Amino acid sequence: MNPLLSIVNELRDAESAVSQFEFEQYISGHNVSLETTICSLSGVSEEELLTYVAKRADIDLITFDNAEQFISEQKIKLAYEQDIDWKSLSKLNWYPLSYDDETLTLITNQPLNVEATNILAFQNVDYRLCLASESLLQRVITLFEQNQEVISSGVVEVERLRALASEAPIVNLVNSLIYRSLELKASDMHIEPVEQGGRVRIRVDGVLQKLDDIPKSLVMPVVSRIKILANLDIAEKRRPQDGKIALHNLNIDIRASILPLNNGESVVMRFLEKGSLRFDIAELGFEPDTIERINQDLTRTAGVILMTGPTGSGKTTSLYSFLQQLNSSHEKIITLEDPVEYELEGVNQIQVNSDIGFDFAAGLRSIVRQDPDVIMVGEIRDAETARIAMQSSLTGHLVFSTVHTNDAPSAYVRLIDLGVDEFLLNASVISIIAQRLVRKLCVHCCAEDENAAQIKEKLLANYSNIVPEDMQINKAVGCSHCNGTGYKGRLALIEYLPNDQFIKGTNKDSLFTLKAEDYMEQSGLRSLYQDGIVKVTKGLTTIEEVVRVAG
C-alpha cells in the first residue's frame with residue numbers, strides 16, 4: 001500500500017482524531033482538502049502535520065533553512081518540461097521541483113491528496129515527493145507560473161476576490177506570515193507592492209528586516225484577506241483604512257492600516273502582545289536617579305507630566321508604567337486613547353472616535369466631570385486639547401500626555417506654537433520627559449569591544465561627570481538567540497527636564513531651548529545622547545546604536 005494512503009487511514013482511525021462523520025461533514029461543507037480538515041478539527045498547525053507526515057513516510061521536508069538546496073529556477077524549468085498533466089496537478093497544489101535520473105521530484109503541502117497520486121500512477125511516472133509549508137510553496141508556484149502562458153490581466157470582481165481570499169492557500173499564507181513575525185518578536189509587519197510582486201518586511205527592535213516575498217498574483221488576495229480579517233471594505237482601494245484583528249488564542253491584537261499607493265496598497269500590521277509588557281520603568285531602562293525624580297513627580301496631586309518623542313519611541317508604554325504605579329483602589333484613573341493599545345485592570349480607558357466628533361478635546365471636557373484623580377490624554381494634537389489639559393491640572397487633576405518634539409525643552413516651544421499661554425505652562429507643567437529606544441545587546445553573545453581602552457579614554461575625557469572609571473564596553477556579535485543581529489530587546493534613553501524655578505523664569509522665546517540645554521548641563525541633567533553613553537558604559541548597548549538613535 002502507498003505509505004501516504006496508510007497515513008490517511010491512521011489519522012482517520014486514531015482515537016485522538018475526529019470521527020469519519022466529522023471529516024465528511026467538514027469536507028462537504030467547506031470544500032477543503034484533507035490536510036486543511038485535519039488542521040481545522042484537530043488544532044494542529046500545518047507545520048506540525050507536514051513534519052509528522054514527512055517523518056512517518058520518510059520523505060524530505062523543505063524548510064526556510066534548507067530551501068536553497070532544493071529550490072532553483074533551472075531545476076523547476078527542467079521538471080516542467082516533462083510530459084506531465086501539470087494543469088491538473090497544480091490545481092491540487094502539487095508542483096514540479098526537479099528532474100534527475102528519470103525521476104521527477106514534486107513539492108506540495110497536501111501530501112494526502114489521493115487524486116494527485118492517481119494522476120501520476122495513471123501516467124506511470126516515477127516520482128518522489130517533498131513537503132513544504134504554504135509560504136515556501138509560493139516560491140515554487142511563482143517560478144512555475146513563469147513557465148505558463150501569461151494570463152491576461154483585468155479588473156477582479158469583488159465577490160471573486162473575496163472567494164479567492166478565503167481559499168486555503170491564501171489563508172495559510174497570511175497565517176504563516178503573521179506567526180513567523182510573532183516568532184521573531186516583531187512589532188510590525190509591512191507588506192508593500194513592488195515590481196516583482198509583494199515585499200514583506202518586519203520591524204524587530206525598531207529595525208526593518210526582510211521576511212519574505214509574495215508572488216505578484218497573490219498580492220491582491222493577501223491584502224484582501226487582511227481586509228476581511230480586519231472588517232474593512234475589500235472593494236475600497238482609493239482611501240486609507242484602519243482596522244483591528246484579534247487573535248484571542250494568542251492574546252494578541254493586531255492593528256491593520258491599509259494605504260493606497262500608486263502601484264497597489266501598502267499594509268502595516270502592528271502586533272500588540274497584551275501579556276508581553278511589564279509596565280515597570282526600571283525594566284524599561286530608566287536610570288536610578290531619573291526614577292527617583294519621576295517618583296517624586298508621581299506623588300503630586302495636580303499638574304501635567306509630558307512625554308515627548310517620535311512615533312514608536314515607547315512613550316505610551318512609559319505612561320502606562322506611571323499609571324500602573326498610581327493604580328490603586330484610592331485613585332480614579334481615566335484615559336483617552338487613540339487607539340486603546342493595552343488594557344489596564346482598574347483603569348477606565350476610553351477610545352476616541354473623530355468620525356463622530358468625539359476627539360481628545362471633546363473627551364477631555366467630558367471626563368473632567370467624572371471626578372477623576374488621574375487623567376491620561378493619548379496625545380496633544382491641537383490648541384484646544386492642550387489648553388483643557390493644562391487647565392484640568394489647575395483644578396486638581398494629575399494629567400499625563402504626549403507631544404511630538406525632538407527633545408524635552410522643545411515641548412515648551414511646541415505648546416506655545418499651538419496657542420497655550422506661557423503663564424499656563426509655567427503654572428501647570430511638572431516635568432517633561434523625552435524618550436528614545438535603543439537596541440539592547442544580546443546577553444548570550446555580546447563580548448568586550450577590542451577597542452575598549454581607546455573608547456574608555458575618549459569617554460572619560462568628554463563625559464567625566466557621568467561615566468564611571470570601571471566601565472564595561474561591549475560590542476554586538478550575533479547568535480541564534482538574536483537572529484544574528486547581536487541585539488535583542490530595547491532600552492529607553494531618557495531626557496528629564498523639571499519645570500523648576502529657572503525654567504519658569506526663562507522666557508519661552510526662540511533662545512529658550514539653548515538656555516534650557518545649558519541649564520541641564522550645569523545641573524547634571526543628562527541629554528538623550530548622554531543617557532545613552534551611560535548605558536554604553538554599563539555594557540548594555542553600543543555607541544553606534546546611541547548615535548543612530550540620539551546622535
Side-chain angles (χ1 to χ4, degrees), residues 206 281-297 307-310 313-314 318 405-412 431-443 445-477 486-487 489-506 511-551:
I281 54 178
E283 293 286 334
L284 298 177
F286 285 52
E287 294 298 321
D289 58 340
T290 305
I291 293 176
E292 185 178 350
R293 293 187 178 104
I294 292 174
N295 285 339
Q296 290 177 354
D297 293 344
M307 294 290 302
T308 77
S313 60
S318 293
T405 60
N406 290 328
D407 53 32
S410 299
Y412 285 99
S431 59
I432 298 178
I433 306 163
Q435 180 169 319
R436 295 290 190 281
L437 293 176
V438 292
R439 291 183 294 171
K440 184 165 57 174
L441 283 168
C442 175
V443 296
C445 65
C446 69
E448 186 175 16
D449 196 307
E450 56 269 17
N451 299 316
Q454 298 93 310
I455 296 173
K456 289 178 182 179
E457 186 178 344
K458 290 181 180 178
L459 292 180
L460 285 170
N462 296 305
Y463 304 101
S464 58
N465 59 323
I466 61 172
V467 300
E469 292 188 8
D470 58 339
M471 62 184 81
Q472 176 67 40
I473 308 297
N474 290 335
K475 65 176 182 178
V477 178
Y487 299 93
R490 288 192 285 180
L491 289 167
L493 303 187
I494 299 298
E495 179 178 283
Y496 176 86
L497 179 64
N499 187 26
D500 56 17
Q501 292 304 315
F502 176 85
I503 298 298
K504 289 178 181 179
T506 305
L511 297 177
F512 172 76
T513 55
L514 294 176
K515 293 176 182 178
E517 288 171 3
D518 289 340
Y519 173 69
M520 290 175 65
E521 185 74 26
Q522 296 167 11
S523 304
L525 298 169
R526 294 183 298 276
S527 66
L528 287 166
Y529 184 81
Q530 290 172 337
D531 199 54
I533 293 298
V534 170
K535 290 174 172 58
V536 169
T537 62
K538 292 182 177 182
L540 299 175
T541 189
T542 62
I543 291 180
E544 293 80 9
E545 186 66 11
V546 173
V547 170
R548 180 183 72 84
V549 173

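The model shown is predicted, which means the values in this text are computed figures rather than measured ones.
With a 4.5 Å cut-off on side-chain heavy atoms, L460 and V467 count as touching. Using a 4.5 Å heavy-atom threshold, the side chains of V536 and I473 count as touching. Here the side chains of R293 and L525 are in contact, with some heavy-atom distance below 4.5 Å. With a 4.5 Å cut-off on side-chain heavy atoms, F286 and Q435 count as touching. Side-chain contact between R490 and K440 is absent, with no heavy-atom pair separated by less than 4.5 Å. The side-chain heavy atoms of P310 and R436, taken from C-beta on, include a pair separated by under 4.5 Å. Side chains of V549 and L437 form no contact here, defined as non-hydrogen atoms less than 4.5 Å apart. Between T513 and Y412 there is no side-chain heavy-atom pair separated by less than 4.5 Å.
Taking the charged nitrogens against the carboxylate oxygens, K535 and D531 do have a contact shorter than 4.0 Å, which makes a salt bridge. Looking at E287 and R526, no side-chain N of the basic residue comes within less than 4.0 Å of a carboxylate O on the acidic one, giving no salt bridge.
Ring geometry, Y529 versus Y463: the interplanar angle falls from 30° to 60°, so the pair is classed tilted.
Distance CE/M471 to CD1/I533: 9.5 Å, rounded to 0.5 Å. Here the NZ atom belonging to K456 is positioned 10.5 Å from the CD atom belonging to Q454, to the nearest 0.5 angstrom. Distance check: M520 CE to S527 OG gives 6.5 Å after rounding to the nearest 0.5 Å. S318 contributes atom OG, which lies 7.5 Å from atom CD1 of I433 (distance to the nearest 0.5 angstrom). How far CD1 of I281 is from CG of N295: 5.0 Å, rounded to the nearest 0.5 Å. Note that CD1 of I294 is 6.5 Å distant from CD1 of I494, once rounded to the nearest 0.5 Å.
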Check against side chain to side chain contact (heavy atoms under 4.5 Å, CB included), I455 and I543: CA-CA 9 Å; I455 296 173; I543 291 180; 3.5 Å; yes

Which is it for K475 and E450 under the salt bridge (Lys or Arg N to Asp or Glu O under 4.0 Å) test, yes or no, and what are the steps along the way? CA-CA 8 Å; K475 65 176 182 178; E450 56 269 17; 2.6 Å; yes

Quick one: do Y496 and D289 satisfy side chain to side chain contact (heavy atoms under 4.5 Å, CB included)? Show the steps, please. CA-CA 10 Å; Y496 176 86; D289 58 340; over 6 Å; no

Given side chain to side chain donor-acceptor pair (under 3.5 Å), test Q530 with E495 step by step and report yes or no. CA-CA 9 Å; Q530 290 172 337; E495 179 178 283; over 6 Å; no

Chi angles and distances behind the side chain to side chain donor-acceptor pair (under 3.5 Å) call for T537, Q472: CA-CA 5 Å; T537 62; Q472 176 67 40; over 6 Å; no

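Among all heavy-atom pairs drawn from L493 and A550, the shortest one is CD1-CB, 4.0 Å. Here the closest non-hydrogen pair linking G486 and C445 is CA-SG, 4.2 Å. Of all heavy-atom pairs spanning E448 and N474, the tightest one is CA-OD1, 3.5 Å. Taking both residues in full, the closest heavy atoms of I432 and A411 are given as CD1-CB, 3.7 Å, listed atom of the first, atom of the second, then distance. Contact detail for D297 and S431: the closest heavy-atom pair is OD2-OG, 2.9 Å. Across C446 and L441, no two heavy atoms sit closer than the pair CB-CB, 4.0 Å.
Around the CG atom of N406, the shell of radius 6.0 Å holds no more than 12 heavy atoms that belong to other residues, nucleotides or ligands. When the shell of 6.0 Å around NZ of K504 is examined, it contains more than 12 heavy atoms from other residues, nucleotides or ligands.
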